[in-house]
Amino acid sequence: MFSAEAKKKIPEILKRYPIKASAMLPLLNLAQEEEGWVSEEHMCEIAKLLDLTPPKVYEVATFYTMLNLKPIGKFHLQVCKSLMCALVGSDTLIQWVDQELGITPGETTEDGMFTLSAVECLASCGTGPMMQMNDDYFERLTLERFRTVIADLRSTGECELATGPFRWPDPEVTT
Amino acid sequence: MGNVKLTIDSQEVEVEEGTLVIEAARELGIDIPHFCYHPKLGYDANCRMCHVEIEKNPKLQASCSISVTDGMVVHTDTERVTESHKSVLEFILANHPLDCPVCDQGGRCDLQDYSHRYTPTVSRFEDVKRTFEKQYFSPVIEKQMNRCVSCMRCVRYCDDVIDAQALAPTGRGSSTEIKHFGEHQLDCEFCGGCVQICPVGAFTNRVSMFDYRPWMLKRTDTTCGYCGDGCQLTFQTRDQQSASNTIIEVQSFFGTGRNNGDLCARGYFGFGFANHDERLTHPMIKRDGVHVQVTWEEALEYAAERLTNIKAEHGPDAIAGLASARLTNEDLYVFQKFMRLSIGTNQIDSSIRYGHINAAMAMQTVQGTNRWTIAYEDIVQAHTIMLLGTNITETNPIVGLKVKEAVKKGGAQLITIESTVPVIQTISNITNLATLHLQTNPLAFGTVVQGMVKVVLDNGLVHEDTQTRYPQYVERLKQATSSVSVRDCEQASWVMGDQIKAAAKALVEAPSAVFLVGQGVLRSPGAFETILNVLDLLLLTGKLEQQGSGLGVLTEENNEQGALEMGAVPEYLPGPSERTGDTAKQIIQDLWGAECPAGPGLRLPEMIDAAWDGRVKAMVVLGENPIESLPPSAQVKDALAKLDLLICHELFMTETAKAADIVFPACSYAEKDGTFTNSEGVVQKVRRALDPIGESQADWEILTHLSNFMNVPMAYESVKDVQDEVRRVRSPRQKTATVDREVLDQYIAGETSNPDLNRRYAVTKPQMNDARPLILTVGQSLFHSGRMSTFAKGLNAIQADGALIIHPEDGAKYGVEDGGSVKIVSDHGEAVIPVKFNERRPPGTVFFPEHFGARIGSLLSMTTDPITGVPYSHSARVSITPVTSEA
Amino acid sequence: MAAFKKVLLKNMDKRGYTGLLKEYEKAGGYQAIRTVLGKMKPDDLIDVVKRSGLRGRGGAGFPTGVKWGFIPKDHPGPKYLCCNADESEPGTFKDRQLMERDPHQMIEGIILASYAVGAKTSYIYIRGEFILGAKILNRALAEAYKAGYLGTNILGSGTDLDVYVHRGAGAYICGEETALLESLEGKRGKPRSKPPFPAIFGLYGKPTVINNVETLANIPHIVNRGPEWFMSIGSPPKSPGTRVFSLSGHISRPGNYEVPMGITMREMLEDYGGGMRDGKKLKAIIPGGASAAFLTPEHLDVKLDFEGIAEAGSMLGSGAITFMNEDTCMVWAAERLLEFFHHESCGKCTPCREGSMWLLQIMHRMEAGQGRHEDLDLLLRLCGNIAGQTVCAFGDAEVAPITSTLKHFRHEYEAHIQEGCCPFRGKPSELVGTGTSHQH
Ligand SMILES: Cc1cc2nc3c(=O)[nH]c(=O)nc-3n(C[C@H](O)[C@H](O)[C@H](O)COP(=O)(O)O)c2cc1C
Ligand code: SF4
Ligand code: FES
């Protein structure tokens, strides 16, 4: 179910489009923002908002890989495994995750903190290996940087290594 | 649009502009292989099977999605094209389970046929086949995703044609899989369309799973026996030669019938009644209160003797007959002839008395014909469609599809005057497509019509032809409505006055308009007047006589119009309704060489009264079940018990059959030849698909024998003999009737009897009753039709029982739980029944499906229409209280 | 070389430039709309863009002005412009930088393009993963509204325009323009069969133009400096202007570099990419994103423009160049790309849906050393049966890695078959399966 806060955003979302159904992805994304996944109740609610049947929402939700239809860990690590990242070590990064957290793609740590997914290209091909963690990108990962990320997430729930507005090469960053 | 000429495989063809190449090829008899294309659905061009070479195009083109152009040169059989066809097949077969030997589609599968056509060599695929986890899908539809070719025909059909939106293609790429919603099993209209339109065996009919191989089946094209829409369907039966004489499944083919291949759950899954275990197979006579099996001869002889004696002793009018409007025209013709000629009485009625007669008489009065002056095609073409008192998807699903087509494809404006709330669910809801939805009190449909007439009169919206031709009539209507206000209508109907005005204006402005009226009106008090008022409204707005516009009345039973035209009511003799009075009588008397009985004849409620007080001594009842059709408070059972003789023709041991002294086992329509007349008046063939079950006989046959035993010879050897005679009374005429100007003039002049206009336009406010705050209506469910359908295994698998449908708000208000039970009380009785929440039911009203009416019969009382004699018992004022399961 | 001045990345190269409205304005931003809105006829703007020779930067390279010209002039009812910010082509990461670092440049382009085609509503379809990008764009849009560059009666010119950010949710195919429209309409992102083209039947069935971020970012500069200026840089007449190339792979300095079109691949690698990393030798180049055919060191002297790359047998595509060194197994590389294509096929067309799966299985076997000689022929035939047989160009793209590696590196396939393992890894490669976030 949408929270009261999320519900407040809905009218503005619907207003952007001449046809209600267009609000489908914005609403699915909004649903996912709440708990990290989209529940059946969410889909039914969206169906109602858009004058559709739940199956018509479901078919859209299953098409898009970012939408999780099952609960996932608090921190969703999505490692890009496409060729460009693979050339610079994404498979190794996946091994690091296993080594540090004991999970392979598709798995969640027992404490429900981390879920690992191997995903396709995230448009960071020049700054691999990289991963997306919830809303943030972490790029040019080394074992050390990766460990920092995990440690920071564990302790504070966030990490400064997250990429800001993107520029690469960045004259203001020296490696 | 003009025509264009093109060349396909060196043959020239001329087709309409805009035609797709695949269709142009079809005109030349060239079948371009395809999976995803279907003329009903338009193209999606996803299967890539239909590739052709079009000169001047470097790439192969999908012939399903390219329109012809003048001078186009197409090749469908070059090496390149064939290679492309083969490669698509190879791709599909790579992951296909090749389980043809156990697939119910085997033998009529497009994939099999094309594979055969292109005789693929050994598969080059040697890797692991994709497999989808098996999912239980529904009790009636079987899903086998490994066979799916992802053509999306099922989904497109469900979305675009049916509007149920129940199928979801899920996932992506090679893991695309059709599901319903999550892991939930399918919940939809169960029209069977996905099964029918699937080119392979991904969807099959679970009711007949593994029962057959398609090539073992014999096909019989016939007409559906459930509702008045009159769908053509094909019974697929096991070979008569083999031991079994069983309907295995139903199909309906694109391009055939008034339904153009579409069906509803009843048509598709409702075939099980014919081979039901409980079918009556032998004649029976009641001895010492027990039915004993006898021979036909014994039964007929006994019946003839008893009827002859009663007739001799008490006169022919002591005998009455009642027939179901599900029988064939031939049965009904012989039935009324038996009553009128062999018995010599006009005491004859049929189940059209439950409602359709209201419309028939009103239409007759105004139009001079009780047939539709429009056809289904006019609905599809209409600019504006008005639906009044018909939850059309559930009652008349196929006419409902015509309305959907008109709205979705033709852009028609739809105005619904209905009691349901437009809530979207996977059973489509016609009100969702409405441009204007007038949500009315379920007992006040007629008030909205009164309001619209008022609006037209008050705002100078009367069509100028009507105004100039019938100024006095317009004046009289104005007077009759002078004391009525739209505000009154608003209060009585719950519909806002502005909406009534908007609806009236829309009708006035529509270049063409079709008005469809359903059971919600026809089976409620005031129906006759409401239909007259609708006709007034059409007349005032210039739509009555306009071609393509007019009134259509939707019938619940398949042959109600037929029963009317076969004269199975006291008011009408067989023949077209345009022919009345002495002319009609003369024709029949000439044909029969005998007098037609005089006297108005008793109508059903009067028959019951007459049985009660001994004026009627014997009744012959054909496939009708008045004991259950009318509420217990009507005391039909007791009345029938007073008869000296009750003869019943039946398929099953109904309550009425139980009361009968003699029971004749009758054939179902699957076992006989004949015709049905659908609600728009089209006469369609019924063909024998099964050998009669047991010793059952067609009703006309039984009556022929009975008449002969009574020494009134009837010489029908076959149904054809009956048809030959019927043809002589049914004058040839065009398909759709037209308004008879002379009759209309008489109506306008006030010459024809009708309740006086003041009465007709007086608005009565429904009384409130605080102790009984809810309005209960009883009506049809999509998954059943009368009681016969409750003998169909497939339909029972979808819906096996009735529950009280109630809005969740009311549920909360009365402390009732979804799925729980309630005690429901009316002024006449009470019952304990299950409850189901549904937001489509407006708060303040509850609904129960009549097919399971025995559960709530005690709540209902009966009133009789003073003019048309229709017994009304479809609503009650009720209160509910929760019942805990422990109690 | 040295004389060349950056156009699109110029602002953001300035120290401390954050892309906020005031900075963009200070750098000369939003001048173009003052020149155009209400002062220039839309048709004249289209003409300017036509004369500039600008071609789409999204992949197909279609002349932008010509595309705009297809929009019916006297069409009643709404028309739409969609900015394609789905950037999902493996190797490509330029739009991300253009959006996050200088959003107003692109927004000004959107305003101009909308004006040219008569769109009153525009949507920026941004890939769902670009959450930061969406935030930055939304902030920039709010600034632009506030400054009167968006909304009703923009700068008193009588022009109205609303622009909205629409986030995707993880589907490469939604970068294909008609899939983008379907997705924007709230459906599964499946490409439409064409014709009708979006210019006639686009978003909600209305005339619609879809342009890439970089394409649109060029428009203000063309307006400000004139079509002749644009035509004079890069590789005219067919490939004028600059391009932002995204360099990735085994090079010293991966990243985005804006250069005039027409420099050579070698210049790109050495002058910008810093040459191969760790002193390794170059083995293969993918010149235009995952959908482009592999090239080899032989092609180092081809010109980086539309025709140059096409002549070499590949395509410039999205301007993403990936360099691979001598240690890279070409079978593995093609396999990896096939995993991408298999995962991203929308599943509409039989050849693409079934073919991608079949190809992938063969490639898995091949890389694991379990290939057969017949497989090589089979691969080529399957590729032939996919390319050109599908609704969208994805079908052509997915076979490119296989056909081109088979063409240039057939011996590596043969080595896999003969040795029964991957000669580069010695053992069957570990599969990082396609176990993805797709948890349904
Ligand atoms: C499979 C596929 C994926 C595509 N992905 C993108 C993309 O991510 N971004 C983009 O701008 N164009 C993409 N395109 C190209 C678009 O279809 C379209 O040509 C482009 O957005 C037009 O803009 P332009 O003319 O400015 O280049 C893709 C095309 C295909 C066939
Ligand atoms: S080619 Fe592939 S991605 Fe493109 S429409 Fe067809 S199935 Fe979808
Ligand atoms: S029938 Fe044309 S692509 Fe399927």
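Below, chain A is the first sequence line, B the second, and so on; all start at residue 1.
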Just wondering, are more than 12 heavy atoms of other shown residues or ligands nearer than 6.0 Å to CD in Glu110(A)? no
NZ/Lys40(B): more than 12 non-hydrogen atoms of other groups inside 6.0 Å: yes
Part of Gln425(B) lying under 4.5 Å from any heavy atom of chain A: backbone
All N/O donor-acceptor pairs, side-chain side in residues 194-206 of chain B, below 3.5 Å, sequence neighbours left out:
from      : atom 1 : to        : atom 2 : distance (Å)
Gln196(B) : OE1    : Ser252(B) : N      : 2.9
Asn205(B) : OD1    : Val207(B) : N      : 2.8
Arg206(B) : NE     : Glu142(B) : OE1    : 2.7

Are more than 12 heavy atoms, taken from residues, nucleotides or ligands other than Glu12(A), located less than 6.0 Å from that residue's CD atom? yes
For chain B, which residues from residues 19-56 of chain A have at least one heavy atom closer than 4.5 Å to it? Glu40(A), Met43(A), Cys44(A), Lys48(A), Asp51(A), Leu52(A), Thr53(A), Pro54(A), Pro55(A), Lys56(A)
Side chain / backbone / both / neither for Asp159(B) at chain A, heavy atoms under 4.5 Å: side chain
Return a table of donor-acceptor pairs under 3.5 angstrom between the side chains of residues 397-405 of chain B and protein atoms on other chains or two or more places apart.
from      : atom 1 : to        : atom 2 : distance (Å)
Lys402(B) : NZ     : Arg258(B) : O      : 2.7
Lys404(B) : NZ     : Ile162(B) : O      : 2.7
Lys404(B) : NZ     : Ser428(B) : OG     : 2.7

Tell me, do Thr62(A) and Glu177(B) make a side-chain contact under 4.5 Å, heavy atoms counted? no
Quick note, ring-ring contact (aromatic ring centres under 6.0 Å, His included) partners involving residues 140-193 of chain B, not counting sequence neighbours, are Tyr58(A)-Phe181(B), Phe181(B)-His184(B)
Measure Leu167(B) against the heavy atoms of chain A and call it side chain, backbone, both or neither at under 4.5 Å. backbone
